[in-house]
2 protein chains.
Amino acid sequence: MPTSRRKSASPARDRAESDISREGPPARPPAARESPWRASRERLRDRQVKREAVIRAAAQSFNRKGYHNTSLDDIAAALEVSKPTVYYYVSNKEQLLFECFVAGIEPILAACREARLMKAPARERLKAVLRYYGRAVASEFGWCMVRAEDQDLSPAMSGHIKALKSEIDQGIRRLLREGMQDGSIHACDPKMTAFALAGALNWIAHWYRESQSLSGAQIAEAFISVFESGLTPRPSAGSARSARHVSARPIR
Amino acid sequence: MPTSRRKSASPARDRAESDISREGPPARPPAARESPWRASRERLRDRQVKREAVIRAAAQSFNRKGYHNTSLDDIAAALEVSKPTVYYYVSNKEQLLFECFVAGIEPILAACREARLMKAPARERLKAVLRYYGRAVASEFGWCMVRAEDQDLSPAMSGHIKALKSEIDQGIRRLLREGMQDGSIHACDPKMTAFALAGALNWIAHWYRESQSLSGAQIAEAFISVFESGLTPRPSAGSARSARHVSARPIR
DNA sequence: TAGGATGGCTACCCGTGAGTATGATGCATG
DNA sequence: CATGCATCATACTCACGGGTAGCCATCCTA
């Protein structure tokens with residue numbers, strides 16, 4: 001299967017100039033959707049800007065049609081450019097997917113790292129992370145981030161992606177453990193719980209395209225409140241989760 | 001894009017003989033992994049058996065390499081058969097994916113329907129459904145079920161799939177509503193909560209291939225206990241079978 | 001033992017799409 | 001003006017993979 005054409009005929013040019021979304025977790029670029037080419041056909045040779053436009057266009061196409069059903073001609077057409085132009089900014093299709101993935105996951109990673117510096121109880125820190133997580137999955141790169149699979153990528157890329165994903169997973173597990181220690185989180189299996197949380201959030205990418213009735217932030221909020229309280233009704237039914245002394249209504 | 005070759009050159013033959021997993025929700029076929037051709041080269045002209053073997057082989061390949069990275073030659077090779085033989089049992093690749101999807105989702109549907117006949121409190125009925133759900137996602141068809149996307153299928157197939165998925169979604173929402181009425185489920189937004197539950201379970205398919213340290217049933221149980229209690233600690237930590245750090249018992 | 005049905009294989013067709021060779025254009029500077 | 005760099009288009013190569021045509025083998029039945 002690895003026919004292994006010669007790798008990267010274009011040298012050092014496009015490596016390592018990634019990071020479409022290097023702004024911190026909070027903000028996100030305000031769209032500016034149009035193709036820079038058409039916009040100002042000349043005098044805008046800002047390579048970085050164009051490169052980002054390519055990646056964004058790829059993300060949109062991947063969103064709509066999926067990775068395998070998107071040809072590079074499609075992406076080029078969306079930008080009103082020809083295919084070699086796309087290759088001028090990106091070395092191959094795989095890298096395109098990878099960049100989309102990174103753009104999607106970067107804010108989550110930032111949130112994770114930031115959460116370790118906060119001094120709030122672990123449940124609050126976890127909620128903050130999950131908030132960013134949810135928003136990221138509902139972003140334009142969410143689909144790519146979530147669906148970027150080892151199956152479609154070379155071992156190297158796949159390794160990178162797995163490492164990043166694992167960092168997030170470990171971060172969540174750590175927060176869960178800390179929360180169980182400081183008493184802010186219910187006793188649970190950190191691994192399974194982390195899987196459940198991340199899974200629920202990841203899945204947003206699958207239905208968000210279809211029905212965007214809510215904003216990413218709203219969805220994140222709704223999910224967090226589900227995670228917090230669970231299904232079993234709480235005795236102190238009010239708005240507060242303060243639940244004092246209560247007769248343990250036996251489950252089952 | 002729809003080149004629209006003539007549909008189904010093979011008539012009535014393979015339509016409507018699906019249902020690999022028509023056994024009720026509980027059981028699941030005990031493997032019997034080997035290709036029936038090789039096994040008994042002659043005297044086993046049980047078309048249905050062979051057809052199911054084809055679908056199972058497809059599911060395994062889709063699991064491992066993804067739909068687009070699996071060629072029909074691969075599937076044929078796995079069965080030690082030639083490609084036209086595969087086409088003898090199945091009309092095209094798309095249908096193959098569809099069958100895998102149906103095989104995966106059928107038990108969940110059955111569980112959903114059955115849940116409406118039970119008379120337990122809604123939370124218990126919901127838990128039963130989620131249990132089957134989790135097991136199904138961890139089954140050999142789980143990946144196909146979860147990843148069968150409209151993007152890869154014709155509008156007709158896509159419609160079928162969406163309808164089935166929606167039936168499950170509606171079933172879960174209904175159970176949530178009923179639970180809120182009979183007091184067995186915490187007040188919540190049924191739509192978002194259903195999304196969260198289904199998402200968490202769906203996502204199992206993504207990591208289960210890699211680490212099968214737990215059985216599907218164990219995972220389902222772990223997830224359900226997460227769903228039940230949520231993150232916020234409960235005052236009466238007593239009877240809860242909370243932190244049951246499931247020991248990694250290797251399955252199979 | 002003919003002849004149909006069933007099941008299968010070899011060998012092919014052909015569209016699609018990733019990636020490239022080559023060269024044109026514009027722009028800046030020596 | 002000549003040279004060089006950056007940017008982009010036309011027009012290709014080529015492998016892969018879905019799907020098929022046509023043929024062969026076997027078995028069942030009469």
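No experiment lies behind these values; they were computed from the predicted model shown.
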Task: Among D:dT20, D:dC8, C:dC9, the nucleotide that comes nearest once only the side chain of A:Y89 is considered - done: D:dC8
TODO: Please confirm whether any donor atom in the side chain of B:K50 sits under 3.5 Å from an acceptor in the base of C:dG7, or the reverse.
DONE: no
Open item on the list: Looking at the base of C:dG17, is there any donor atom on it, or on the side chain of A:K83, that sits under 3.5 Å from an acceptor on the other one?
Closed with: no
Task: Electrostatic pair B:D169-B:R173, nearest N-O below 4.0 angstrom - done: yes
- [ ] May I ask you to verify if any side-chain N or O of B:Y87 is less than 4.0 angstrom from the OP1 or OP2 atom of D:dG19?
- [x] yes
Open item on the list: Can you see if the side chain of A:S82 gets near the phosphate of D:dA9 - specifically, an N or O under 4.0 Å from OP1 or OP2?
Closed with: yes
Task: Sub-4.5 Å side-chain heavy-atom contact between B:N202 and B:Y133 - done: yes
Task: A:Y88 side-chain N/O to D:dC8 phosphate OP1/OP2 under 4.0 Å - done: no
Open item on the list: Please determine whether a side-chain nitrogen or oxygen atom of B:T85 lies at a distance below 4.0 Å from atom OP1 or OP2 of C:dC9.
Closed with: yes
Task: Pairs meeting criterion ring pair (Phe, Tyr, Trp, His ring centres under 6.0 Å) with involvement of residues 143-174 of chain A, two or more places apart - done: A:F98-A:H160, A:W143-A:H206
TODO: Look at the side chain of B:S71 and decide which nucleotide, out of D:dG19, C:dA18, D:dG17, has an atom nearest to it.
DONE: D:dG17
TODO: Could you check which of C:dG19, D:dG18, D:dT7 has an atom nearest any side-chain atom of B:L72?
DONE: D:dG18
